[in-house]
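Structure, as structure tokens:
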Amino acid sequence: MTTTGPRIVDLSESRPNTRRGGDLRALLTPTAVGSTSGFMGLAIMQPGERIGEHYHPYSEEFVYVVQGLLEVDLDGVTHPMRPDQGLMIPLNVRHRFRNVGDHEARMVFHLGPLAPRPELGHVDTENTENTENAENTEDTAEPAGGAADSPPQRSGVVS
């Protein structure tokens with residue numbers, strides 16, 4: 001992958017990925033901007049929605065809550081998160097997010113370094129309800145930053 005010059009990407013340019021729950025939008029990815037060290041995006045969750053449990057064998061995940069009230073399970077232990085809080089999730093830590101508030105939640109995510117191949121970057125450990133109706137493209141598949149057909153399932157390049 002060659003590095004390109006700086007590029008501003010609008011949220012409307014990224015396709016929704018609802019396969020793992022919520023609406024995951026990968027904005028700054030190797031395909032979209034030529035990044036070589038990781039990728040960044042936005043998770044949008046409506047009240048009651050969740051992003052299914054998964055882990056990243058090659059990447060740390062950094063999240064920042066912009067709006068809404070979330071709960072995150074880290075290796076089975078639940079923690080509340082609110083706006084203006086960040087979290088670093090180490091390699092191989094299983095995690096899932098839930099919107100426990102009454103309003104839309106938005107969370108920025110960044111993962112790095114990249115896995116050797118996109119399909120190795122993300123391991124799903126549970127199914128989500130959105131599996132059948134989901135859009136999934138190379139730019140929105142997470143090495144990032146939910147669930148698939150049968151645990152564990154490996155899938156390619158948000159959060």
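We count residues from 1, following the sequence as given. Bear in mind the structure is a predicted one, so any value in this text is a computation, not a measurement.
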For Thr78, check side chain to side chain contact (heavy atoms under 4.5 Å, CB included) against everything at least two apart and list the hits. Glu71, Asp73, Arg98
State, without any angle test, whether Asp75 and Tyr55 hold a side-chain donor-acceptor pair at a distance under 3.5 Å. no
If you link I, L, V, M, F, W and Y whenever their side-chain heavy atoms are under 4.5 Å apart, who else ends up in the same group as Val100? Leu69
Quick check for you: to the nearest 0.5 Å, what is the distance between Arg25 atom CZ and Ile44 atom CD1? 5.0 Å
Of all the heavy-atom pairs spanning Gly86 and Met81, show the shortest one and how long it is. C-CE, 4.0 Å
Any donor and acceptor pair, going by atom type alone, linking the side chain of Thr18 with main-chain N or O of Gly21 inside 3.5 Å? no
Anything under 30° is parallel, anything over 60° is perpendicular, the rest tilted; go ahead and classify His56 against His95. tilted
List the residues meeting salt bridge (charged side-chain N to carboxylate O under 4.0 Å, His left out) with Arg94, not counting sequence neighbours, and say none if there are none. Glu53
Any Leu70 side-chain heavy atom under 4.5 Å of Met107 side chain: yes
Side chain to side chain contact (heavy atoms under 4.5 Å, CB included) partners of Asp10, counting only residues at least two apart: Ser12, Glu13
Looking only at heavy atoms, which two atoms of Ser35 and Pro30 are closest? And how far apart? OG-N, 3.0 Å
Test salt bridge (charged side-chain N to carboxylate O under 4.0 Å, His left out) applied to Glu104 - qualifying residues, sequence neighbours left out: Arg106
State whether the side chain of Ser14 and the backbone N or O of Leu11 hold a donor-acceptor pair below 3.5 Å, judged by distance alone. yes
For Pro90, give me all partners under side chain to side chain contact (heavy atoms under 4.5 Å, CB included), at least two apart in sequence or on another chain. Met88, Val93
Is the shortest side-chain heavy-atom distance between Pro57 and Leu120 below 4.5 Å? no
Residues Glu61 and His110: side-chain donor-acceptor under 3.5 angstrom: no
Within the 4.5 Å heavy-atom criterion, are Val63 and Val108 side-chain neighbours or not? no
Salt bridge (charged side-chain N to carboxylate O under 4.0 Å, His left out) partners of residues 29-40, not counting sequence neighbours, each pair once: none
Assess whether a salt bridge exists between Arg82 and Asp84, defined as any Lys/Arg side-chain N lying under 4.0 Å from an Asp/Glu carboxylate O. no
Side chain of Asn99, backbone of Gln46: donor and acceptor closer than 3.5 Å? yes
Hits for side chain to side chain contact (heavy atoms under 4.5 Å, CB included) against His79, two or more places apart or cross-chain, chain-then-number order -> Val72, Leu74, Val77
